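Single-structure report; data block below.
All values reported here derive from a predicted model rather than from experimental measurement. Basis for what follows: all heavy atoms, side chains included, without hydrogens, waters or symmetry-related copies.
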Amino acid sequence: MSQIKTGNFSIEELENVHITIGSVVGAIEKEAEVEEDVGPTPCPGIKDLREWDFKLFNRYEPIYTPVCDQCCYCTFGKCDLSKNKEGACGIDLASHQAREFLLRVITGAAAHSAHGRHLLHYLIDKYGADHPIDVGASNLKTPIIQLVTGSQPETLGDLEKALDYVEEQLTQLLATIQVGQEGASIDFESKALHGGMIDHVGMEVSDVAQISCLNMPKSEENTSFSELGMGCIDSDKPMVLTIGHNVAAVTHIIDYIDEKGLDDEIELGGLCCTALDMSRYKSEGGASPISKVIGPISKELKFIRSGVPDVIVVDEQCVRADVLREAKELSMPVIATNEKIMYGLKDRTNDDVEDIVSDLVSGKEAGALILDFDKVGEIAVRVAREIAPVRKDKGLTAIPSDTEFQELVNRCIHCQLCENACPVNLPISDAFRAAESEDMGELEKLHDLCIGCGKCEPVCPKDIPVLNVIEKASKKAIREERGRVRVGRGQISDPEIREEGVNLVLGTTPGIIAMVGCSNYPEGTKDIYKIADEMLRRNYIVVVSGCAAMDLGMYQDDDGNTLYEKYPAKFSKGNLINVGSCVSNSHIAATAIKVAAIFAQRQISGNYEEIADYVMNRIGATALAWGAYSQKASAIASGCNRLGIPVIVGPHGSKYRRALIGRPYSEEKWTVYDARNGEIMPIASVPEFLITTAGSVEEVMPMLAKNCIRPSDNNMGRMIKLTHYIELSQKYLGVLPNDWHIFVRNEQDLPLAKRDELLKILESEHGWEIDWKKKKILSGPSMKFDISAQPTNLERLCRGQEV
Amino acid sequence: MSQIKTGNFSIEELENVHITIGSVVGAIEKEAEVEEDVGPTPCPGIKDLREWDFKLFNRYEPIYTPVCDQCCYCTFGKCDLSKNKEGACGIDLASHQAREFLLRVITGAAAHSAHGRHLLHYLIDKYGADHPIDVGASNLKTPIIQLVTGSQPETLGDLEKALDYVEEQLTQLLATIQVGQEGASIDFESKALHGGMIDHVGMEVSDVAQISCLNMPKSEENTSFSELGMGCIDSDKPMVLTIGHNVAAVTHIIDYIDEKGLDDEIELGGLCCTALDMSRYKSEGGASPISKVIGPISKELKFIRSGVPDVIVVDEQCVRADVLREAKELSMPVIATNEKIMYGLKDRTNDDVEDIVSDLVSGKEAGALILDFDKVGEIAVRVAREIAPVRKDKGLTAIPSDTEFQELVNRCIHCQLCENACPVNLPISDAFRAAESEDMGELEKLHDLCIGCGKCEPVCPKDIPVLNVIEKASKKAIREERGRVRVGRGQISDPEIREEGVNLVLGTTPGIIAMVGCSNYPEGTKDIYKIADEMLRRNYIVVVSGCAAMDLGMYQDDDGNTLYEKYPAKFSKGNLINVGSCVSNSHIAATAIKVAAIFAQRQISGNYEEIADYVMNRIGATALAWGAYSQKASAIASGCNRLGIPVIVGPHGSKYRRALIGRPYSEEKWTVYDARNGEIMPIASVPEFLITTAGSVEEVMPMLAKNCIRPSDNNMGRMIKLTHYIELSQKYLGVLPNDWHIFVRNEQDLPLAKRDELLKILESEHGWEIDWKKKKILSGPSMKFDISAQPTNLERLCRGQEV
Amino acid sequence: MSWAGGVIMVETTKNTAISTTWGTKIAKPVQPKVAGKLISKAKRPLLVVGGDVLDEDLLKRAIQIGKKGIPIAATGHSMKGFVDADVDAKYVNIHSLGLYLGDPQWHGLDGNGQYDLIIVLAHKKYYINQVLSGIRNFTDLKTLSIDRNYIQNADMSFGKLDKETHLKALDELIENL
Amino acid sequence: MSWAGGVIMVETTKNTAISTTWGTKIAKPVQPKVAGKLISKAKRPLLVVGGDVLDEDLLKRAIQIGKKGIPIAATGHSMKGFVDADVDAKYVNIHSLGLYLGDPQWHGLDGNGQYDLIIVLAHKKYYINQVLSGIRNFTDLKTLSIDRNYIQNADMSFGKLDKETHLKALDELIENL
């Protein structure tokens, strides 16, 4: 390799060399340096945003809830760290928990980024590195990449540089997991936020690349719908089931079906994000997808056990480790298409298609690893069609017959070991008892609450396939499990931001609720529907993605409409927007960046800290990952957190080990600077946390409303937000919030309908002085309302502070 | 960014652009493709060497010894996987253990690679990307990079591409740690070997870069010596203690000392590999280092507690998490110099040197983060000199006085909680009892056995600082703890390989014993000395690196010579070679590759499988990581394993969770092809494992000898190896090995001195037919000796199999 | 069967099976009477209830405990049950509460200072175990679970009980306040 | 104190403190007599000794057990103690042994088939716990520790004993073979 030094030079002598210049690396870096509009931290390393992180941790303290008191990283140990003891390497429990959280974050970030790298190799190979990035009606195409790296990729090839940066940073972070590295929990925390930020770069690369190449909707308002649910599959047809997150291989199945005109002959359905991205493929301009969405990972075991799929194609992420074992039981061949999941299967990539089809159909092989996607497309469809009649003839299913069912139910000795093992402690034993007396209702109730993990089975001393019993009892529910999900639209476009930005910053749109994550719900799938419906009716913008987007579409109102049909899909109050799959989550954070860039005209390239500060103080957005289960969710959440967006996770989320929570009673923590003059301004204690958990949907609703309040709200905005907070608290908790008064800066902030009542309370309970004639607050509020104040946490941004 | 397509083109229009071409990326890739001498797998992805791995696992089966029966990766859990149950995601215990092992491997690999990336940024910044790679008298400068990636870096800049590859692969591997990825343990195992291979690339980049720039010895035979041990420090002088692995910052301390002529005024000593690399810095051509080596991580707490250091400079890896806390107790300022370890310290990088010095000397700040190495050099030395008189005046040490000692000893209630917590279950309680009666001997005995972790202290209900008590009792031992370590020489040179290759392949040099790893010894530091001395006397080549290299030098014979002075340092039988620090481990594996390339003229570029096959069947090398403790050791070991080099770890190594062990009684597993004709040849069951543990040095010695036996040994070689195996077994286990006979192909393989005796046993116990007149074996051996046989595990390499 | 000089009315110390461990410590099984005495002896006990308290039978008992002068932290959406109950109940998010409880600067839900005994009732088992994991490792507070499930990360806990036994146990506990 | 109808000579079931857990299972503490009976009842017991058996007192007892017809796997460098002892002892690496023990195809150290009870003695505590962790999770073998330390990953184990008690316990065990 040769290195050409910086300078003006002639490289004519290169003319007789046959080369490809992969990317003019240095050029960009140099450019970035000279251009004046790149901020202080292009491609930040671990330390570069540490001061920002420390500011966040000063207000939002890490609180640790260990999943294990021990450390088993190295062979000096293992060590009992309980009571925050130090282990053999000197690490204490708090630091170890922070490290464990960091590990979760970078694992998730790696999952997204490695997915992105795979996809990018594939797309560049197919479409060329010159293929332009096109995400729709936006000049700001890659807000996160631009914010973090300082550069603006224009082609697929340019995206590779962003991934190089991501991979370097992830390696640096992974290195700190090694024993004998970081010693301070606070620095592990900063590293975790770094990993979260990196994760969003990886996600954006992934989604932008696929949107640009695969005819996916590009910021479209009126995308079509995809059929949804276990009940939407016509089980008489041969069925190809895809599972995972990486749509690359799967597009070839759709192409093959298209090419052969088999749309009506075959069912193509997917689980998890591959399903969502299948529905986006070729759905640009409102075209309808030929594929269906079965559901999230909680449906995976259930659907396989149903026996309906004839062949399973897996790619990567959120694929159960036992798919091959389970599928084998029901003679369903499994095709692995990605290096990350190979199940020990023989690599058939270079084998003849006929041979592979024959081996799979005959059952000679339980599955095959095929990394040639053209072959995957053909083989998946052909195997399904050939094997389906045989499989249907045999009636292959794991669901017990009526007789078997009764026998299994009677076999239960009610030892409750299944309940102990159940992640949600479902009352399985009681449901079995009811079923003994032929009351199937209790078992059926479990179906929606059950996350389909199957842990109940290996612990059963009587070898009862508990899940199958539940599913048997729920046949009707499953048949009715069908809905619609709006096809993911990708980014919010620049024009939409231009229109809506002001409402968000002034608070007249009460907030953005981003509902993301998976299906690890505490009380069943309907949770998510309830929340969305409530918030949409209150004019919040609800943005969804991934498996949460699916689960939302599972319920219909009396008119047979899902929320997607009930609410329009523009970036505007009271709208419901599905951005897409898991990696489309990046667009949600990107929306906040776009508001800063387009509405507020802030410079974003390499200017992370300033933009995060802007977002935290001015954009009333709260993310809700109600069913978060995997490491990816912790990465996404941490990326939001560093950008100043608070996140609520469901109660299972306490197992992520740490939350970042503020103490509202520590008044000194709740101040900002007024950028106009550097004066310190008190603010209300919101967002009250960067990440926390809640126990139930009822608790979540007022939390969402409250945590959309921002210092920049004008009176109208604050009044609207406070109205919702108070109403939701009264509706779901039965009381006025304890702290509603701290959000009142003057009487105009008070909800109109309740103004008198609230003024009375302010006077009697809080000792505020009220001028009852004018209905004016004379004294009381700890902060003043000033519409032109410019809240910031960064002293350097204050007038007179520029260095 | 712009992408220029492949082809002949003129880029004159670029003349008016001011650019640096970072690297002509595509050019190299293209070149590699067209050159005919690149093997089938340049820059392999996860799947590309999977078949080779599966071959290995077919013979060497993963055996799992979980450190925990539970999985706590995601919030579906946590899950009890005991009895190999499946968890909520469907993963079983075996797969989870394989995944945990993979996580250890990639963590270690990331530690090395991130270290390499940091170093490379630093060196390129200082020496330029054009700086040539120079490792000494070798054309084959980067055997591992060449083997794995297929390219031959010539400059520092070229090394970046190797790291790009490493980081991409590590991200891919880390992604598979995510829940819902790989489901098969065997594929996790293959991924772990992939990570191990990648690790060696990362290590080679690191060491080659620093050798090329920092005036480190370049394959020199006669490097100088560095003083060694806690006893070698003159505690009257101000002392700067460095801890870690990354020499970048530390070179600036040496430069400052040099520049100011302070050699005699100050003690500079280090712990772990930074110490070794300090001693290599500017030691080219036999120059003596000014720095001293204190010891490995087991001395870290002990040495800090002694109070001797006046300032501590930490970089990365193997730095205790409590250094800041411990140092603060004794008013020792800590300077953090690397993003990976920042201890929550204030970033003073851009502050004035005087201010920082003053803050540290006055104790206003307990430490500082300084990422400007010139400042580090000056500040570390100045602070040490200014603070030393104050610190010595105060007599700051954690070691108790005589009176305190007796009080502490008497305070013990013999509850044995310390023994329970002690990783090596030292008989602390009994030693305290002896000390109560003023017998300090028992406590003193603990000093060398104690790995200095300090876990005994927080569990003590009487708050006894147990470690300090042991150290107090061991003052004499500590004073005598001084030796010498030969300065690390870097690679084995091409000419040395040319000379020695034949002896290795034919077995007339009985084997290479690579002693690596850290200080987690089961029976104290002397273990490693005993092993090396025994094997060196038997003419094995002993290659050492890292902390094992230090510990070896701690002992002297009656003439005051360490092993380094007793044995020469050429790559030749009976020689003792220190290659250098942890990242120099890469040179050990590289040696085997060099033998294949230089002695056997095998093409190595991108030809991993063939070379690994060559190494496994022909090079009698066994690695011993007797004190392995961190994730890095599992990475290094896995890299050796994929290359066909077996590794033994100490008993603590069982906590790595999995070994790869063959079953000698399964005869069908112990065959190879003869490449001349593709015939299947039985071989003896060696190496018997790829990685395993042993219980004691006595057990290890015969294991080492046995596992250097290879199918390619000629009679002379086999006789020599078998002699050592038998003798070592008799010496240390008291018996002939159970299996010595399986290595006998004909009578000439028998150790000369014992031939008659052994022939008798073969006849009487194994039923072999002997012609006693000719002393010839007529029948019995399960394999024949054929000097020209070409053992291989790869059918494709057999004549007539070429595709 | 006798215990410390008294007759056990409701046996709550059986069935303490666990499916996973957090470490070497697990809750000591406790009888209702002992639990009652413990609460009575505490200077600043706090009853932390979760959403499952809205069950009529449980709510009744939680209110009875509250009426004995024990302040109630109503987590999740449990506040709804205490609106007109004339007990000292306040809504708080349980994760936030976990943070505040470890803060010596916190003045409690009512401004009267920190607590010394945390009593938990009617929570999701996995959720309360996590919250208690934090409290156990990072504070010196004593914790007592009087829930239907065996809550292993409390210092003391009832075993896993059926609903009926649980209610009886609570009654016995209340008698001993 | 009485146990199952017999008088306990040496108490070996106390002091079973552990410092870390592997999971929810820990060894059942066992008395010497019971241990002896268990071994006697086993069809194919195997005594697996480690290097610490070279202690004179322990070695004597290990040999006594061996002389009762129990085959010995001499791991580490313990073989040295059995060279002229006239017992059925063979060297084997304990990690390899861990692998073979789970293999139904293995014919044992003496070719007479698989074992059904693994008795461990005189090992490094952390090492034998790891080996037993593998055996416990991946085989159906029963394991019994008669070591000085409480070996939590065996199915049954003595508690932590002082040396003298340990020797007495072994003597009692041997009497019951």
Side-chain angles (χ1 to χ4, degrees), chain A residues 1 3-4 6 19-22 25-28 46-47 67-68 72 74-76 85 88 90-91 107 110-111 114 129-130 157-158 167-168 170-172 174-184 186-187 317-322 339-344 453 455 458 629-631 652 655, chain B residues 1 3-4 6 19-22 25-28 46-47 67-68 72 74-76 85 88 90-91 107 110-111 114 129-130 157-158 167-168 170-172 174-184 186-187 317-322 339-344 453 455 458 629-631 652 655:
Chain A
M1 263 183 234
Q3 169 76 17
I4 301 166
T6 310
I19 60 169
T20 309
I21 296 183
V25 184
I28 295 306
I46 290 179
K47 69 166 200 312
V67 178
C68 178
C72 60
C74 83
T75 80
F76 266 161
K85 275 199 293 291
I91 203 154
T107 301
D130 279 339
D158 296 346
E167 289 160 352
E168 177 173 332
L170 286 177
T171 302
Q172 293 290 322
L174 177 56
T176 70
I177 299 296
Q178 161 82 16
V179 62
Q181 301 267 33
E182 188 56 75
I186 192 92
D187 263 311
Q317 302 165 65
C318 299
V319 184
R320 289 183 59 88
D322 56 1
E339 290 182 323
K340 294 183 197 81
I341 304 178
M342 298 193 278
Y343 288 138
C453 77
K455 272 173 70 182
Y629 88 102
S630 83
Q631 295 101 323
H652 284 291
K655 289 180 261 178
Chain B
M1 263 182 237
Q3 169 78 13
I4 302 166
T6 311
I19 61 167
T20 310
I21 297 184
V25 186
I28 295 305
I46 291 179
K47 71 168 199 310
V67 178
C68 178
C72 59
C74 83
T75 80
F76 266 161
K85 276 199 291 290
I91 204 155
T107 303
D130 278 339
D158 295 346
E167 288 160 353
E168 177 174 332
L170 286 177
T171 303
Q172 293 290 321
L174 177 56
T176 69
I177 298 297
Q178 161 83 17
V179 63
Q181 300 269 31
E182 187 59 76
I186 193 89
D187 262 310
Q317 301 166 65
C318 298
V319 184
R320 290 182 58 88
D322 55 1
E339 290 181 324
K340 294 181 198 81
I341 303 180
M342 299 194 277
Y343 286 139
C453 76
K455 271 173 68 182
Y629 88 101
S630 82
Q631 295 100 324
H652 284 291
K655 289 178 262 180

With rounding to the nearest 0.5 Å, note down the distance linking OG1 in T171(B) to CD in E168(A).
10.5 Å
Contacting region of D187(A) [heavy-atom separation from chain B under 4.5 Å]:
side chain
Taking R320(B) for its side chain and G183(A) for its backbone only, find out whether a donor-acceptor pair lies under 3.5 Å.
no
Quick check on the interface: out of A184(B), A88(B), C74(B), who has the most heavy-atom pairs with chain A under 4.5 Å?
A88(B)
Between G344(A) and E182(B), which heavy-atom pair has the shortest distance, and what is it?
N-OE2, 4.5 Å
side-chain hydrogen bond (donor to acceptor under 3.5 Å, both in side chains) partners for Q317(A), two or more places apart
H115(A), K632(A)
Tell me if a side-chain donor or acceptor on Q181(B) pairs with a main-chain N or O of I341(A) at a distance below 3.5 Å.
no
Considering only heavy atoms, which portion of I46(B) lies under 4.5 Å from any heavy atom of chain A: side chain, backbone, both, or neither?
both
Main chain of V179(B), side chain of Q631(A): is a donor-acceptor contact present, judged purely on distance under 3.5 Å?
yes
With chain A, the option among H652(B), E339(B), K655(B) that has the most non-hydrogen atom pairs under 4.5 Å is E339(B)
Sort out for me which of V67(B), T107(B), D322(B), T75(B) touches chain A most, counting heavy-atom pairs under 4.5 Å.
T75(B)
Mind ranking I186(A), T176(A), I91(A), L174(A) by heavy-atom pairs under 4.5 Å with chain B and telling me who comes out on top?
L174(A)
Who among G90(A), S630(A), A111(A) has the most heavy-atom pairs with chain B under 4.5 Å?
G90(A)
Among K85(B), E167(B), K47(B), single out the residue with the greatest number of heavy-atom pairs under 4.5 Å to chain A.
E167(B)
